[in-house]
Participant: 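Structure in structure tokens, see below.
Numbered from 1 within each chain, the chains take letters A, B, ... in sequence-line order.
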Amino acid sequence: MPLDPANSTQLREPGGSRKPLPPWASTAALLVPTYGWLTLAVFLPLCTMFAFSFLTATPMGKAPIVFTFKQYRAFIDQPYLLGVAWQSLLMGFWTTFFCAVLGFFAALALVRATEGKVRETLLILVLLPFWTNGLVRVFSWTMVLREGGFLDYAIHSVWPGAGSVGFLYTRQAVVVGLVHGYLPYMILTCYIALVTIDNTIVEAASSLGARWWTILWKILLPMAAPGLISGSVLIFVPVIGSFMEPRILGGRVGVTMGTVIEDQFTQAFNWPLGAALSFTMLAVVLGIFATFSGVLRRGTAL
Amino acid sequence: MKIAARFYIAAILAFLYLPILVMMAMGFNESPLYELPFSFSTRWYQALAGNAPLVNSGINSIWIAVATSIIATVLGTMASVALSRRTFRGKTLLQLMLLPPIAIPWLITGTAMLVFFFYSGIGRGLHALLIGHVALAIPYVVLVVGTGFQTVRADLEEAAMSLGSTPVHAFFSITLPLLYPSILGAALFAFAVSLDQFVISYFLATPGFSTLPVQIYSAIRKGFTPEINAISTILLVGSMAVIVIFALFAKPGGVSDKR
Amino acid sequence: MTNVEVRSIAKNYGSVPVLTDISTDFTQGSFTSLLGPSGSGKTTLLRIIAGFIIPDQGNVAIGGNDVTRMPVWARNIGMVFQSYALFPHMTVNENVAFGLARRGIKGEESRKQVERALELVRLPGFGDRKPKQLSGGQQQRVALARAIVTKPSVLLLDEPLSALDRRLRQEMQVELIRIQKESGLTTIFVTHDQEEALTLSDKVAILDRGRIVQIGAPTEVYERPKTRFAAEFLGDTNFLTGTVVAGGIRLANGSTVAVDAPLPATGSEATVAVRPEKIVIRDVARGGKDTDRSNRVSATISSSVYAGTALTYEAAFDGLSFKIFAQNSDARPHSVGDVVELTWSPLHTVPLEAAA
């Protein structure tokens, strides 16, 4: 059955005579919508806000536009901001600390005490809340922590005479809400780091007579370090910029850099100050990212 | 040791889920002041129907999420084609440019949008929200679809072209069907990102046009009522459903060529 | 009759030349191998003929038409890829019918042609399976059927057998020759496997660093390599370098090697190649039978590797080392330290072109 090439059917495709677009043109056509959109919605706004941070006041009407560096001196001119910044850093520190401790052991427990389908299911269960609305989860804590809330109810049912232990509208409440929000992140990054540890290493160590705390300190913790560090960065950064959690759970004491910045935009209308504070915070964030970029790349690679 | 570890995991899960379950339960409690003991009632869900601002903002949220999902998926997939299948200078820079919307705290991105949109005449409201939500969702789409591209061999399109397909026909007849699970996953992801988005929406919403999370936030700030529990439960169940569907569809290599 | 013609093709990637001044013809119905090590430009040349790469210079003509600027999809080629590139979401039938549909052939006519193509590759009845349900060899056959069902002007094969294991590979080589002869398609085959190239082709083109160093029938390129590279890449070779004298070359030690081929000018330096299997070992001490081969040197066996049907010896003489392949037919294999005489014919002493 010879196939005669001379009888080959002609291609119907009209492309034969038409020249295709040059590759750079089609590549550009594919990229322009996305990057145009990002420019309009993210990069131009960030540039504008950066320019704003050098203005004396929010431009309104015919008032002349005057450039200044004074917004960046806010921490000197308004010393109360130093206290707020300190509170924000403390909040970031405690949240990260509790996430690290709880998350590391949760990841360790998952890796060492579960396997197969059970482990997979548990991991999904741990991560699922992370993809649900943060606002709703913070609101959930008000139900638990408020005076006469679920926590009080649970304690009174055991010990009827106890007073209220509800601590809504305190800094502790804010930290609890934030830990709840970001714990899954830490469990995931630690899990990724720990799951690669060969079981035989641990067995070898214990066969050599190592106690469990020696194994923990000398083997498990160092090996989980990349996960702990990347988890910490990924938690610390959004936490110091949070404003919704402190407002809902902290009430009047929930004053953080996040809420101060929000106030500048929604209440005080001092947009240049808000912009300067935002960029100061962004500089801190970028500094943290830059410091740990190597670890982050390794720690988050799934 | 193992028993302690399992107990600990159970405790962590309790910490993660108990408050949410309590919140959900309180939405079915008769008492407007969350008083216990519990007595089952659907009155707060019935009350929701009459709460026009909440219902309207819920409808707004869904529409914005649908529109965001469609726009971000189309644009992000296009960009992903170029980033995955073409070689050109500056690609690394373009890939890095996807990070700011994800990594910069939303508070900063949101306020920056507020400032720029105000002075550029874009203003606030529906279109501003849409611009913001799509920008936040696009990087996720590019990343998810880009991961999908890794499972679709580049020579399949070449094979199609050698058989007479134009590049466009090859893309639509070969690559797109193979990429379909990733694209669907990306679309659901974009939908979830938009539906749950609060910070950006908070700065770009107007009193006349807001989304459900913004409405819930202002309701919480005014004072707690079980109606908030009811609507929160609905939002939570909705977004969990989207994520579960996403997890089912976006399994790496779900329908792809594994050879 | 020339079917595919490439003229003065050049291609650079940045400042790196990948192909330099390639010109050659592919005769209608012939099977040509492009053979070379990785980086020699063989795949680039194939992809230029296919249309995936546009050359910086030169022209490609298929069936007499200049197609240099014509996109892949309009060229009417058939191509089999290294990884087969079967569409995983389509059945075998849909895969094979894909190219037909692009040519407007649908329905019953398409079904018939697909069936015939699957018969040709000996996979009748596999049409409803998905590629994943087939073995590597079967996928290979489907890829071949898909490439030839459209009756392309030229069939391009990009190392299609390299993913198969040895046994399956030999089986597919036989099949490939049969299918090519039956279909009568002009075929261009890229490979880095010299044995495969010699077995399959009517013509072998050897590529080195972006140039075709030699092109010809398998026996021609093997027996009469033109350059050191061609001689080395196609099998093992011994090289001898000396000064050209009348009828041969004189080596450094003063002995003369007769050459039965045109040589460069007397007095210039020249290198000749001698294939190891052309050399016959005569055991001087044991008074082995003399032959009429006029080139002879005495040497000492320095190593011997036994491989059942054959033996590979190395023999040293005067600071040079010879490799010799011998059938395992001698009464007793030679041992290391034996003093022997190596003899070979001037016909098998091939002068090489000086390196470019």
Participant: Students often mix this up, so state it plainly: with edges at 30° and 60°, are the rings of A/Phe105 and B/Tyr8 parallel, tilted or perpendicular?
Facilitator: perpendicular

Participant: Using non-hydrogen atoms and a 4.5 Å limit, figure out which bit of B/Ala103 sits close to chain A: side chain, backbone, both or neither.
Facilitator: both

Participant: Is it the side chain or the backbone of B/Ile12 that comes within 4.5 Å of chain A heavy atoms, both, or neither?
Facilitator: side chain

Participant: Checking B/Leu136 against chain A: side chain, backbone, both or neither under 4.5 Å from a heavy atom?
Facilitator: neither

Participant: At a 4.5 Å cut-off on heavy atoms, which part of A/Arg146 comes close to chain B: side chain, backbone, both, or neither?
Facilitator: side chain

Participant: What part of A/Leu40 is in contact with chain B, defined as an atom under 4.5 angstrom from a non-hydrogen atom: side chain, backbone, both or neither?
Facilitator: both

Participant: Report yes or no: does B/Ser61 contribute a side-chain atom to a donor-acceptor pair with the main-chain N or O of B/Leu212 at less than 3.5 Å?
Facilitator: yes

Participant: Is there a donor in the side chain of B/Arg86 and an acceptor in the side chain of A/Ser26, or the other way round, less than 3.5 Å apart?
Facilitator: yes

Participant: Measure up the B/Tyr217 and A/Phe243 rings against each other and bin them: parallel (under 30°), tilted (30 to 60°), perpendicular (over 60°).
Facilitator: perpendicular

Participant: Which bit of B/Phe7 comes within less than 4.5 Å of chain A, counting heavy atoms only: side chain, backbone, both or neither?
Facilitator: neither

Participant: Measure distances from A/Ser242 to the heavy atoms of chain B and classify the residue's part below 4.5 Å as side chain, backbone, both or neither.
Facilitator: neither

Participant: Using a 4.5 angstrom heavy-atom cutoff, name the option from A/Val42, A/Leu135, A/Thr48 with the most pairs to chain B.
Facilitator: A/Leu135

Participant: Go through the atoms of A/Leu286 and report whether side chain, backbone, both or neither lie under 4.5 Å from a heavy atom of chain B.
Facilitator: neither

Participant: Would you mind checking which part of B/Leu13 comes under 4.5 Å of any heavy atom in chain A, side chain (CB onward), backbone (N, CA, C, O), both or neither?
Facilitator: side chain

Participant: Which answer fits B/Phe15, side chain, backbone, both or neither, if we ask what part of it has an atom under 4.5 Å from a heavy atom of chain A?
Facilitator: both

Participant: Pick one of side chain, backbone, both or neither for B/Met97, based on which atoms fall under 4.5 Å of a heavy atom in chain A.
Facilitator: both

Participant: For the side chain of A/Trp141 and the backbone of B/Pro19, is there at least one donor-acceptor N/O pair under 3.5 Å apart?
Facilitator: no

Participant: Considering only heavy atoms from C-beta outward, does the side chain of B/His133 approach that of B/Val193 to under 4.5 Å?
Facilitator: no

Participant: Would you confirm whether A/Thr34, through its side chain, and B/Ala79, through its main-chain N or O, come within 3.5 Å as a donor-acceptor pair?
Facilitator: no

Participant: Heavy-atom distances under 4.5 Å only: say whether A/Ile261 touches chain B with side chain, backbone, both or neither.
Facilitator: side chain

Participant: What part of B/Ile220 lies closer than 4.5 angstrom to a heavy atom of chain A: side chain, backbone, both or neither?
Facilitator: side chain

Participant: Mind ranking B/Leu114, B/Leu18, B/Leu83 by heavy-atom pairs under 4.5 Å with chain A and telling me who comes out on top?
Facilitator: B/Leu114

Participant: Among A/Leu44, A/Val285, A/Leu46, who wins on heavy-atom pairs under 4.5 Å with chain B?
Facilitator: A/Leu44

Participant: Is it the case that B/Thr206 and B/Arg124 place a side-chain donor and acceptor less than 3.5 Å from each other?
Facilitator: no

Participant: Look at the aromatic rings of B/Tyr119 and A/Phe52 and report parallel, tilted or perpendicular, splitting at 30° and 60°.
Facilitator: tilted

Participant: Using non-hydrogen atoms and a 4.5 Å limit, figure out which bit of B/Ile108 sits close to chain A: side chain, backbone, both or neither.
Facilitator: both

Participant: Among B/Val81, B/Leu236, B/Leu21, B/Thr109, which has the most heavy-atom pairs under 4.5 Å with chain A?
Facilitator: B/Leu236

Participant: Under a 4.5 Å heavy-atom cut-off, does chain B meet the side chain of A/Leu183, its backbone, both or neither?
Facilitator: side chain

Participant: Among A/Phe43, A/Trp271, A/Phe150, which has the most heavy-atom pairs under 4.5 Å with chain B?
Facilitator: A/Trp271

Participant: Measure A/Ile248 against the heavy atoms of chain B and call it side chain, backbone, both or neither at under 4.5 Å.
Facilitator: side chain

Participant: Within this structure, what is the CD-OG1 distance for the pair A/Glu245 and A/Thr259, rounded to the nearest 0.5 Å?
Facilitator: 11.5 Å

Participant: Should the pair B/Asp196-A/Arg137 be classified as a salt bridge under the 4.0 Å nitrogen-to-oxygen rule?
Facilitator: no

Participant: Tell me, side chain or backbone of A/Thr266 under 4.5 Å from chain B's heavy atoms, or both, or neither?
Facilitator: side chain

